[in-house]
Protein chains: 2
Amino acid sequence: MPEVSNRGKIMPASPIRKLVPLANKAKAKGVKVYHLNIGQPDLPTPPEALEAIRNIDRKILEYSPSEGLLSYRQKLVQYYAKFNIDVTADDIIITTGGSEAVTFTFLSCLDPGDEIIVPEPSYANYTAFAIVSGAIIKTVPSHIEDGFALPPIEKFEALITPRTKGIMICNPNNPTGYLYTREELNSIRDLVKKYDLFLFSDEVYREFCYTGAPYISAFHLEGIQDNVVLFDSVSKRYSECGTRTGMLVTKNATVKQNVMKFCQARLSPPLIGQIAGEASLNASDDYVLSCYNQYVERRKFLVDGLNRIAGVYCPIPMGAFYCVAKLPVDDADKFCAWMLDEFEFEGKTVFMAPMSGFYTTPGIGVNEVRIAYVLNKEDLGVALKVLQEGLKAYPGRVLE
Amino acid sequence: MPEVSNRGKIMPASPIRKLVPLANKAKAKGVKVYHLNIGQPDLPTPPEALEAIRNIDRKILEYSPSEGLLSYRQKLVQYYAKFNIDVTADDIIITTGGSEAVTFTFLSCLDPGDEIIVPEPSYANYTAFAIVSGAIIKTVPSHIEDGFALPPIEKFEALITPRTKGIMICNPNNPTGYLYTREELNSIRDLVKKYDLFLFSDEVYREFCYTGAPYISAFHLEGIQDNVVLFDSVSKRYSECGTRTGMLVTKNATVKQNVMKFCQARLSPPLIGQIAGEASLNASDDYVLSCYNQYVERRKFLVDGLNRIAGVYCPIPMGAFYCVAKLPVDDADKFCAWMLDEFEFEGKTVFMAPMSGFYTTPGIGVNEVRIAYVLNKEDLGVALKVLQEGLKAYPGRVLE
């Protein structure tokens, strides 16, 4: 048999994915598994999106333009304007999910051996997309004790080499729920300016900021407009992950031109997803507010509940719908596997994401898990109880 | 401004894409443009697919599994069985269009500097997907005078180096419409076996074979089952290009495992496209036959018409819905641009694809165009007349 690629071999298998067979095994035994491991919201897709799909009156489901439907991009201009992000339809390229937006941007901006700096913990698949482009991710650790605030900018600067091409952030952050302050973002801006770097900014959770602190987009930072590539997606905002509708926004003409070559090679983003995405922009204020309110309530309920469990510490997240909790266990990978494989409480167990997949620095976050609050309060209550009982029974429990 | 990637710079912009602004300019002047340049069929999507979309009764458009919906993959097993392709649901991975199937396979099998051999002319975007993986495409020219038959296998063997990892074919062929014979495919099989190469086989046009000669899949070749990766797509078969539903089929466990890592990183293929694709498998025999019959009729009408124009030569294609024609012109790129930019006949012109984008060997096919017969006979008749008049008027006409 011919040898497969080295690139394929080094692609990390996600620690979450490794646990899926155990979750399936638990389900096969009749155990109810509470999924707190993935960012698949349980909230409904806007009825406007579903109606638009049901009312499609086309006879042919044809290619859309490679850059996406013009009508959709025009409507997105107004959407962004509501957040004081001043862009034109030409600055927006529709992609197959946010994943493709990141992949095509990395392919367009980064050559093999080029480096980008990312505060960790960070979204695990950035690493995968970097591997596709051959680029190297260098990480600056943030810490649960600081609520995952941006590490001092000097730590970023210390990693800069002649191969450094950019900084990547996710704001509000997946997995930490942290929302970067103006001061933190200004320090990033200064570094971006000083070394003429790209600023790749994943802002898919902008609707979900809970503390009254402002959401600050990379496009709100002065003097670096041509350095910014913003990544976006309708998946979380409208609970329509399966439509695979993402986008990138940039004013950098050369980046746009390069990205368009990759877009043209794959011909078209999904047509129906764009129709759903465009219709979702008509979602009522009630829909948006109702989603927001549910996350606010769940967040408080979950984080309070976690911090009430002996030995658990969870900083309150300011945005997104994840929190990272430190557990009194030897190893969160082992604990999460054990919860699925060996534990049940009244026929129930909990699937959480070990944080090992979100860090690259060895030894950090070994006792941390990410919990997505994508279940209703009642289910979260049960999950908290199951977690509490699991921690009591776990043989690898660490007493502080 | 930071520098973009070299990879982005070397990505070729398709010669077809370069003509799009000229086509738009012609339309703005009120000229009717007949699009023979792209493989976007004008035939209707099966009503079963449209109905399935209209009847979606989900409240949440959630992620599908990264490998695609199990029910769809199971039904595809029966579909392939009809073509004597004996695979299981585990051998099938659903992708975002055929494009993603090729990209993920190249990423999984090929490292930067690895080589694959492709008979040319070939689908232009293979080059783009190879650039994504860093692999190098080496081409063996086939010729219009031979009806684009497979070049002698010795020419392939002469290109083999220690970096050669595979051979890629498209059968029935885009752009030539050629259908490879058992003898030709056996010669490829022997080479694949001798050097233990991958055989990447794009077979999206299998329904469209017109001469009674058998369609032979790469999976029909004996002794190389673990070397084969088959690419497929619903786009052309069911006229639903916009759903972005493709797939790859392989029995090679290591390739599957690698491809799945890339699939998991991008989370999910489009959900609604899969629902449409699955429903399309229920399309009636009448639908399938009607599409087939229309292509048969158009093909004869178009190719007869082309060969009746003075100086034009077009071998009759055996499959797919393209033909390649040699025109009495100095340069097909210039001629196609001129047709859009400067010519019109009774307010009409024709958009064809210059073949330069399908060849990499310099100097071959400079007077060839690809014509997709994706319009009805009446429109094809008008397009033929316009082409005939255009050739008469073109200043770069070459008299033989």
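Being a predicted model, the structure only gives us computed values, none of them experimental. Residue numbers begin at 1 in each chain, while the letters A, B, ... track the order of the sequences.
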When rounded to the nearest 0.5 Å, the distance separating CG of B/L43 from NZ of A/K59 is 13.5 Å
Given the options A/L110, A/T96, A/L271, which has more heavy-atom pairs under 4.5 Å with chain B than any of the others? A/L110
So, does B/Q40 use its side chain to make a donor-acceptor pair with the main chain of A/Y63 at under 3.5 Å? yes
Before giving the answer on side chain to side chain contact (heavy atoms under 4.5 Å, CB included), spell out for A/L107 and B/I131 the whole-Å C-alpha distance, their side-chain angles and the decisive distance to 0.1 Å. CA-CA 10 Å; A/L107 285 167; B/I131 289 173; over 6 Å; no
Of all of B/T243, B/V132, B/V255, which one pairs up most often with chain A through heavy atoms under 4.5 Å apart? B/V132
Find the distance between SG (A/C241) and CG (B/L267) and round it off to the nearest 0.5 Å. 8.5 Å
Distance (rounded to the nearest 0.5 Å) between A/S5 OG and B/D114 CG: 8.0 Å
Chain A shares the most heavy-atom pairs under 4.5 Å, among B/S64, B/A128, B/C109, with B/C109
Hey, does the side chain of A/K165 reach the backbone of B/E3 with a donor-acceptor pair shorter than 3.5 angstrom? yes
Name the member of B/M1, B/K9, B/M260, B/Q257 that forms the most heavy-atom pairs with chain A at distances under 4.5 Å. B/M1
What is the distance from atom CZ of B/R17 to atom SG of A/C263, rounded to the nearest 0.5 Å? 9.5 Å
Among B/A276, B/P12, B/P270, B/S66, who wins on heavy-atom pairs under 4.5 Å with chain A? B/P270
Kindly say whether B/N6 contributes a backbone atom to a donor-acceptor pair with the side chain of A/D111 at under 3.5 angstrom? yes
Find the distance between CZ (B/R244) and CZ (A/R244) and round it off to the nearest 0.5 Å. 14.0 Å
Whatever's closer than 4.5 Å to a heavy atom in chain A on B/P46 counts as neither
I'd like to verify something: which residue of B/Q274, B/E62, B/R266, B/Q264 has the highest number of heavy-atom pairs under 4.5 Å with chain A? B/Q264
Would you mind reporting whether B/L197 and A/P2 have side-chain heavy atoms less than 4.5 Å apart? no
Quick check on A/P47 against chain B: is it the side chain, the backbone, both or neither that has a heavy atom closer than 4.5 Å? neither
Sidechain-backbone polar pair: A/K261 side chain, B/M11 backbone, donor-acceptor under 3.5 Å: yes
Among the listed options A/L50, A/N227, A/I38, the residue most often paired with chain B at heavy-atom distances under 4.5 Å: A/L50
Identify the two heavy atoms, one from A/V4 and one from B/S108, that lie closest to each other, and give their separation to 0.1 Å. CB-O, 3.4 Å
Going through the checks in order, is the side-chain hydrogen bond (donor to acceptor under 3.5 Å, both in side chains) test met by A/R58 and B/T45? CA-CA 9 Å; A/R58 291 162 188 257; B/T45 304; over 6 Å; no
Enter the distance from A/E240:CD to B/I272:CD1 here, rounded to the nearest 0.5 Å. 8.0 Å
Checking A/S133 against B/R7: is there a side-chain donor and acceptor pair closer than 3.5 Å? no
Ignoring hydrogens and geometry, is there a side-chain-to-backbone donor-acceptor pair from B/R54 to A/I56 under 3.5 Å? yes
B/F129 and A/A265 have their tightest heavy-atom pair at CZ-O, 3.4 Å
